[in-house]
Amino acid sequence: MEHKLTIYNTLDRKKELFIPLHEPHVGMYVCGPTVYGDAHLGHARPAITFDLLFRYLTHLGYKVRYVRNITDVGHLEHDADEGEDKIAKKARLEQLEPMEVVQYYLNRYHKAMEALNVLPPSIEPHASGHIIEQIELVKEILDNGYAYVSEGSVYFDVEKYNKDHHYGKLSGRNLDDVLNTTRELDGQSEKHNPADFALWKCAQPEHIMRWPSPWSNGFPGWHCECTAMGKKYLGEHFDIHGGGMDLIFPHHECEIAQSVASQGDDMVHYWMHNNMITINGTKMGKSLGNFITLDEFFNGTHPLLTQAYSPMTIRFFILQAHYRSTVDFSNEALQASEKGLQRLMEAVENLNRITPSSNSTVNIKDLREKCYEAMNDDLNSPIVISLLFDGAKIINNIIAGNATISEEDLEDLKSTYYLFTYDILGLKEEKSSSDSRETAYGKVVDMLLEQRMKAKANKDWATSDMIRNELTALGFEIKDTKDGFSWKLNK
């Protein structure tokens with residue numbers, strides 16, 4: 001079956017059919033974290049968004065080379081061109097080597113991604129490991145006349161580039177807008193134009209992260225790394241470049257200008273951007289100091305949290321919203337996601353408790369196709385989840401004995417749920433330290449309910465009611481089914 005995926009291309013503001021016609025290979029580049037602090041909820045959203053795309057493209061049969069970079073040099077404190085390197089500053093304050101800072105937080109980032117069930121990318125290159133490639137990129141741009149050297153630094157000539165091409169086509173800005181909104185900064189006199197951005201920065205004496213170049217001992221501009229590494233691992237033209245919408249300008253705008261200035265045409269076919277996670281309507285981020293780290297969510301240790309939330313609750317919370325919509329954090333929203341996830345996982349678990357009948361009185365034939373339609377329509381994960389919730393009602397009706405399902409339909413239903421719940425949405429059963437204890441008391445509850453069934457069979461209603469009432473008082477929800485019973489503990 002051919003599935004025609006359409007995705008929203010930020011470049012031209014419309015959904016487009018996405019099928020590589022030449023061969024079933026997809027090159028995908030996603031901007032990864034700057035590793036100078038713990039990952040927060042804002043980091044989780046692009047990771048989960050593009051994990052969803054990675055999983056779905058792989059399921060459709062494409063061979064995907066997924067590149068997600070690590071920014072470990074060149075991301076300056078004030079903006080792309082000025083201030084202290086964020087990692088170098090952290091290293092100075094903590095009296096560590098910069099790469100110690102990088103490794104420490106990268107290890108923690110990987111641990112958080114694993115907890116969220118985010119698949120590792122095909123390649124995870126570091127900016128600091130590709131200085132040669134970035135220097136070569138700067139040389140190409142200089143040779144083509146779109147950059148200039150000033151006091152040991154190299155700047156991209158935005159005004160000259162704009163005469164030949166369109167600087168601002170991704171963000172919808174024109175050069176006059178950029179000039180009017182570019183603030184004056186210390187050291188800006190090195191530039192011909194305040195909108196020009198650094199391709200290579202001459203390192204000041206106190207700057208500890210530096211490399212030799214034809215222009216000075218220094219370091220690459222932040223925008224260079226993705227263009228250089230994208231070209232190295234995916235070629236001069238590749239399919240998808242993604243990241244958060246806060247990267248559209250200036251980072252991705254500058255990437256487009258760099259690729260055109262160096263090779264003569266656009267490198268990327270499709271641009272994809274996830275929207276923000278907000279707190280009280282304000283973007284969550286390190287620069288604003290209003291972020292909650294993933295560890296704080298998992299442990300419930302942040303003052304804004306009323307409880308701990310599991311990694312799968314966080315993943316489900318993000319997937320319940322379309323990737324292009326804003327998601328506003330609240331404890332109420334996360335608690336609703338926790339309950340919704342529990343409901344969905346119970347439905348999957350209940351599939352194994354169904355005894356098939358000779359025929360079906362339920363219609364599940366179009367569930368799988370509707371889920372595909374939602375995924376093919378710009379990765380509409382909220383619709384997929386709502387469809388799976390609709391299926392959960394069918395499962396509960398069958399468990400309660402109000403409907404029947406044939407063996408063939410049951411296998412199809414299981415296949416659909418396993419595919420979309422586990423393989424595509426990337427949800428999974430979570431284990432906790434209390435699992436062994438819960439397994440033990442689960443066996444005790446099963447034993448008591450089996451005694452209750454025997455009491456009912458013997459018409460010993462007093463014993464039957466006593467067992468049910470005692471378990472209900474302890475917080476257990478008991479349901480009688482056509483095959484026996486089911487129970488759960490209301491937390």
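All of these numbers come straight from a predicted model, not from anything done at the bench.
Residues Thr6 and Glu16 bring no donor and acceptor atom of their side chains to less than 3.5 Å of each other. A donor-acceptor pair shorter than 3.5 Å can be found between the side chains of Gln103 and Asn107. In this structure, a donor-acceptor pair under 3.5 Å is absent between the side chains of Asn69 and Glu124. Side-chain atoms of Asn331 and Thr306 include a donor-acceptor pair closer than 3.5 Å. Side-chain contact check for Glu253 and Ser171: at least one donor-acceptor pair (N or O, by modelled atom type) lies under 3.5 Å. The closest side-chain donor-acceptor pair between Thr293 and His40, if any, does not fall under 3.5 angstrom. Counting only N and O atoms by type, the side chains of Asp38 and Tyr109 include no donor and acceptor under 3.5 Å apart. In this model, no donor atom of one side chain and acceptor atom of the other lie less than 3.5 Å apart for Ser150 and Glu190.
Contact annotation: the side chain of Ile314 approaches that of Leu41 to within less than 4.5 Å [non-hydrogen atoms, C-beta and beyond]. For the pair Asn274 and Ile48, the minimum side-chain heavy-atom distance is 4.5 Å or more. Side-chain atoms of Pro125 and Val67, non-hydrogen and from C-beta on, do get closer than 4.5 Å to each other. Annotation: side chain of Asp266 is in contact with side chain of Ile256 (closest heavy-atom distance under 4.5 Å). Residues Thr313 and Glu338 meet the side-chain proximity criterion, which asks for heavy atoms closer than 4.5 Å. Put simply, the side chain of Leu116 reaches to within 4.5 Å of the side chain of Leu294, judged on heavy atoms. Side-chain contact between Val26 and Lys63 is absent, with no heavy-atom pair separated by less than 4.5 Å. Contact check for Leu53 versus Ile240: side-chain heavy atoms found under the 4.5 Å cut-off.
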Test log, rule side-chain hydrogen bond (donor to acceptor under 3.5 Å, both in side chains), inputs Ser337 and Gln320: CA-CA 8 Å; Ser337 292; Gln320 276 190 300; 2.7 Å; yes
CA sep, side-chain torsions, deciding dist, call: Asn117, Met312, side-chain contact (heavy atoms from CB on, under 4.5 Å): CA-CA 8 Å; Asn117 205 25; Met312 285 303 98; 3.8 Å; yes
Derivation of the side-chain contact (heavy atoms from CB on, under 4.5 Å) call for Lys139 and Leu199: CA-CA 10 Å; Lys139 286 180 180 178; Leu199 299 173; over 6 Å; no
Step-by-step salt bridge (Lys or Arg N to Asp or Glu O under 4.0 Å) determination, Asp295 to Arg108: CA-CA 9 Å; Asp295 271 354; Arg108 292 174 66 82; 2.8 Å; yes
Derivation of the side-chain hydrogen bond (donor to acceptor under 3.5 Å, both in side chains) call for Tyr167 and Asn174: CA-CA 7 Å; Tyr167 180 78; Asn174 60 51; over 6 Å; no
Candidate pair Arg55 and Asp423, rule salt bridge (Lys or Arg N to Asp or Glu O under 4.0 Å), full reasoning: CA-CA 7 Å; Arg55 287 171 177 273; Asp423 297 345; 5.8 Å; no
Check against side-chain hydrogen bond (donor to acceptor under 3.5 Å, both in side chains), Tyr56 and Asn376: CA-CA 9 Å; Tyr56 191 56; Asn376 292 336; 2.5 Å; yes
Derivation of the salt bridge (Lys or Arg N to Asp or Glu O under 4.0 Å) call for Asp85 and Arg210: CA-CA 11 Å; Asp85 185 291; Arg210 59 174 68 212; over 6 Å; no
Worked check of ring pair (Phe, Tyr, Trp, His ring centres under 6.0 Å) between Phe18 and Tyr270: CA-CA 9 Å; Phe18 177 67; Tyr270 295 86; 5.0 Å; yes
Steps toward side-chain contact (heavy atoms from CB on, under 4.5 Å) verdict (Leu425, Ser381): CA-CA 8 Å; Leu425 295 179; Ser381 58; 4.1 Å; yes
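Note: His252 and His223 fail the aromatic proximity criterion, with ring centroids not under 6.0 Å apart. Aromatic pair His192/Tyr148: centroids less than 6.0 angstrom apart. Aromatic pair Tyr372/His59: ring centres closer than 6.0 Å. A distance below 6.0 Å separates the ring centres of Phe219 and His207. A distance of 6.0 Å or more separates the ring centres of Tyr62 and His25. Ring to ring, Tyr155 and Phe197 are not that close: their centroids are 6.0 angstrom or more apart.
Judged by a 6.0 Å distance limit and a 45° cone about the ring axis, Arg45 is not positioned over the six-membered ring of Tyr323. With Tyr29 as the aromatic partner, Arg68 does not meet the cation-pi criteria of under 6.0 angstrom to the ring centre and within 45 degrees of the ring axis.
Partners of Lys232 according to the side chain to side chain contact (heavy atoms under 4.5 Å, CB included) rule, which considers only residues two or more places apart in sequence or in another chain, are His130, Glu133. For His237, the side-chain hydrogen bond (donor to acceptor under 3.5 Å, both in side chains) partners two or more places apart in sequence, or in a different chain, are Asp265.
The minimum heavy-atom distance linking Cys31 with Glu255 is given by the pair SG-OE2, 4.2 Å. Closest approach of Val138 and Cys224 over heavy atoms only: CG2-SG, 4.1 Å. Nearest heavy atoms, Ala261 versus Phe156: CB-CE1, 3.6 Å. Heavy-atom minimum distance, Pro98 versus Ile208: CG-CD1, 3.6 Å. Scanning all heavy atoms of the two residues, the minimum distance from Asp72 to Ser128 falls at OD2-OG, 2.6 Å. Nearest approach of Gly235 to Met267, heavy atoms of both residues: O-CG, 4.1 Å.
Partner of Lys231 under the salt bridge (Lys or Arg N to Asp or Glu O under 4.0 Å) criterion, chosen from Glu140, Glu225, Glu136: Glu140. Here the rule is side-chain contact (heavy atoms from CB on, under 4.5 Å) with Phe420, and of Leu367, Val384, Ile385, Leu387 only Val384 fits it.
By the neighbour-count criterion of 12 heavy atoms within 6.0 Å, atom CZ of Arg65 is sparsely surrounded, having that number or fewer from other residues, nucleotides or ligands. For Glu349, the CD atom counts as loosely surrounded, since its 6.0 Å shell holds 12 or fewer non-hydrogen atoms of other residues, nucleotides or ligands. For Lys428, the NZ atom counts as densely surrounded, since its 6.0 Å shell holds more than 12 non-hydrogen atoms of other residues, nucleotides or ligands. Around the CD atom of Glu429, the shell of radius 6.0 Å holds more than 12 heavy atoms that belong to other residues, nucleotides or ligands.
Looking at Lys160 and Asp164, no side-chain N of the basic residue comes within less than 4.0 Å of a carboxylate O on the acidic one, giving no salt bridge. Contact check on Lys169 versus Asp12 returns no salt bridge, with no Lys/Arg side-chain nitrogen under 4.0 Å from an Asp/Glu carboxylate oxygen. Lys163 and Asp157 are not joined by a salt bridge, as no carboxylate oxygen comes within less than 4.0 angstrom of a charged side-chain nitrogen.
The closest donor-acceptor contact from the side chain of Ser325 to the backbone of Ala321 lies at 3.5 Å or more, if one exists at all.
Between the CG atom in Leu76 and the CD atom in Glu84 there is a gap of 9.5 Å [rounded to 0.5 Å].
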